[in-house]
Colleague: 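What follows is a structure written as structure tokens; I'll ask about it next.
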There are 2 protein chains.
Amino acid sequence: MKIGFLGLGIMGVHMANHLIDAGHDISTAIHRSPAHETLLAKGLDVLASPKAVAEAAETVITMVSDTPDVEDVLFRPDGVAAGLTTGMTLIDMSSISPLDTKAFAARIAELGCDYLDAPVSGGDIGARDGTLTIMVGGPEAAFARALPLLEVMGKTITHIGGNGDGQTAKVANQIIVALTVQAVSEALVFASKAGADVNAVRQALMGGFAGSRVLDIHGKRMIERSFEPGFRISLHQKDLNIALSGARELGVALPGTACAQQLLSGCVAQGGADWDTSAMIRTLEALADHAIG
Amino acid sequence: MKIGFLGLGIMGVHMANHLIDAGHDISTAIHRSPAHETLLAKGLDVLASPKAVAEAAETVITMVSDTPDVEDVLFRPDGVAAGLTTGMTLIDMSSISPLDTKAFAARIAELGCDYLDAPVSGGDIGARDGTLTIMVGGPEAAFARALPLLEVMGKTITHIGGNGDGQTAKVANQIIVALTVQAVSEALVFASKAGADVNAVRQALMGGFAGSRVLDIHGKRMIERSFEPGFRISLHQKDLNIALSGARELGVALPGTACAQQLLSGCVAQGGADWDTSAMIRTLEALADHAIG
């Protein structure tokens, strides 16, 4: 299939590579980042604008940083929307606002095209290995048509509901991860300061109601002081901003999410924007003047 | 073995029953609650005081409500300490302050006896089924001697470290459960208010980094509006009080634990002291004027 892929960053390069390896023809637009020689060698076509990419493609995938970036690549004068023809499908795999996503989808639908919001989790490793979790919102028929493409890039692919619901699921995911990282951080700092062996505590808790993927993976990182990303704090903060601004618009109070966001800001203040999100424990350690490891 | 068992409440009745069924002789002290006819029929011996119970026993187990209750049953004039003889083991299975536990253990050690703090998780169902998780602090040799008794009452039994470390692990457990319940609550209220199917969101998130026992079990309860305990909010509040007062003494900031505690207070204000702790979502729902189910 002829696929336009806009956003060949850390994640996008791997995702586009899987699509090329699966036999698809990929085009992209001129972009500031030069890092896709591998893709050029495999026949990546570089066109003048997102509009030109859309004109040459049957399906367009966007994988950019934040809500304004999606709006820009879609709706600027030489954007994707200007190049779409009726019946095409646009898949936005960025992690952006669910509320703005509904508006974007409505504008694309007016052009006679389908919009799928299909944010991913799993990070650059998941992108490289083709094991991303993909949460999809949009029309059932469009989802069914897109599924073979999504299966090239991800492993667990769920159709959550209508447009925006994929992004909503991603926001829910990021809220839970942030607060569970905080849960494990507070528990381990308390346990360490009380004089207990944090490794023994973590092991004892793994099998019970406190058990989670975060206690397993992030808890281990905290104890081993291994804060290489993984998932960067700056990106988690972006996602929590989406949660908190969405919550304001919806009239929902998220006191824990707001608190977790502040603890991550405490890491940024320590120079940790690029630390793994499990480094949230460092803010609590700084407050307690005590490191667990 | 001759075992003194003090605290035949909702949990203790089941635990003592398992010990009797395993062939041990159990004595207890006169107690306000009358609910142990089954145990009396099986030969439970009721003596005049905790001191008398300790005098008649080889090992004493306490399973009472809170730190002051343990202090009272151990150290009042006719308390357990007054009846202990050198070489005996005291096992406190209540969930109480780890810091006070260290002081209690030191006082018991002065009498030439071993102290084990062995708080449990798993609730009345775990107690009834003999499947409790037991986190133990205290001397290795005393742990080894007590293990056969603990195995009659529990399934996953971990020796965490020295005295207090069992209680510290329990506190860590309760911190994590509280904050993970809040994580799932915030995520589901956000998702529901954004118009997504909370069941689909929960399912999609189960397999990824947001996956936890709490998302599985408590998340299901939230969606099904099934708030029968389970684990009562009043008990979880007691445990979080232990965490927060311990944190003050230790000089540790637990902002998330404090926030979760306040959300549980919001349930109590709604008449929910006896709701399951997963009902924490009801406070967020009240704040958002929106129920997810």
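Labels below follow one simple rule: chain letters A, B, ... track the order of the sequence lines, proteins then strands, and each chain is numbered from 1. Everything numeric in this text was worked out from a predicted model, so none of it was measured.
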Colleague: Would you name the heavy atoms of B/S95 and B/I242 that are closest together and state the gap between them?
Modeller: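 It is O-CD1, 3.5 Å.
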Colleague: Verify the neighbour count for atom NZ of A/K238: are there more than 12 heavy atoms of other residues, nucleotides or ligands below 6.0 Å?
Modeller: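 Result for NZ/A/K238: enclosed.
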Colleague: To the closest 0.5 Å, what do you measure between CG (A/D92) and CD1 (A/I108)?
Modeller: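 It comes to 10.0 Å.
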Colleague: Donor-acceptor pair, distance only, cut-off 3.5 Å: does the side chain of A/H159 make one with the backbone of A/G161?
Modeller: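 Checked: pair present.
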Colleague: Checking heavy atoms, do the side chain of B/L254, its backbone, both or neither come under 4.5 Å from chain A?
Modeller: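 Looking at B/L254, backbone and side chain both touch chain A.
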Colleague: If I measure from the heavy atoms of chain A, does B/T257 come under 4.5 Å with its side chain, its backbone, both, or neither?
Modeller: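 For B/T257, heavy atoms of backbone and side chain both lie under 4.5 Å from chain A.
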Colleague: Examine whether an atom of A/V171 lies under 4.5 Å from a heavy atom of chain B, and if so say whether it belongs to the side chain, the backbone or both; otherwise answer neither.
Modeller: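 It is the side chain, since no backbone atom gets that close.
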Colleague: Quick one: do the B/S97 and B/Q167 side chains pair a donor with an acceptor below 3.5 Å?
Modeller: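 Their side chains do not contain a donor-acceptor pair, so the 3.5 Å distance test is not met.
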Colleague: Sort B/S212 into side chain, backbone, both or neither according to what part of it lies under 4.5 angstrom from a heavy atom of chain A.
Modeller: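 The answer is both parts of B/S212.
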Colleague: Check each of B/E228, B/Q270, B/R232 against B/W275 using the side chain to side chain contact (heavy atoms under 4.5 Å, CB included) test, and report the only one that passes.
Modeller: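 The option that passes is B/Q270.
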Colleague: Side chain from CB out, backbone as N, CA, C, O: work out which of these in B/H218 comes under 4.5 Å of a heavy atom of chain A, or both, or neither.
Modeller: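 The answer is the side chain of B/H218.
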Colleague: Which atoms of A/L250 are under 4.5 Å from chain B, going by heavy atoms: the side chain, the backbone, both sets, or neither?
Modeller: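 It is both, since atoms from each part get that close.
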Colleague: Under 4.0 Å between a Lys/Arg side-chain N and an Asp/Glu carboxylate O for B/E249 and B/K102?
Modeller: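 Answer for the salt bridge query: no.
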Colleague: Tell me which of these, A/G256, A/A200, A/A204, A/A253, has more heavy-atom pairs under 4.5 Å with chain B than the rest.
Modeller: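 Highest number of heavy-atom pairs under 4.5 Å: A/G256.
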Colleague: Kindly say whether A/D129 contributes a backbone atom to a donor-acceptor pair with the side chain of A/H14 at under 3.5 angstrom?
Modeller: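 Absent.
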Colleague: Is A/P98 in contact with chain B via its backbone, its side chain, both, or neither, using a 4.5 Å heavy-atom distance?
Modeller: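 For A/P98, the side chain is the part near chain B, not the backbone.
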Colleague: Can you tell me which portion of B/L215 sits under 4.5 Å from chain A's heavy atoms? Options are side chain, backbone, both or neither.
Modeller: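 The side chain, not the backbone.
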Colleague: What part of B/I217 lies closer than 4.5 angstrom to a heavy atom of chain A: side chain, backbone, both or neither?
Modeller: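 For B/I217, the side chain is the part near chain A, not the backbone.
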Colleague: If you count heavy-atom pairs under 4.5 Å between each of A/A260, A/S185, A/G211, A/G246 and chain B, which one has the most?
Modeller: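 The option with the most such pairs is A/G211.
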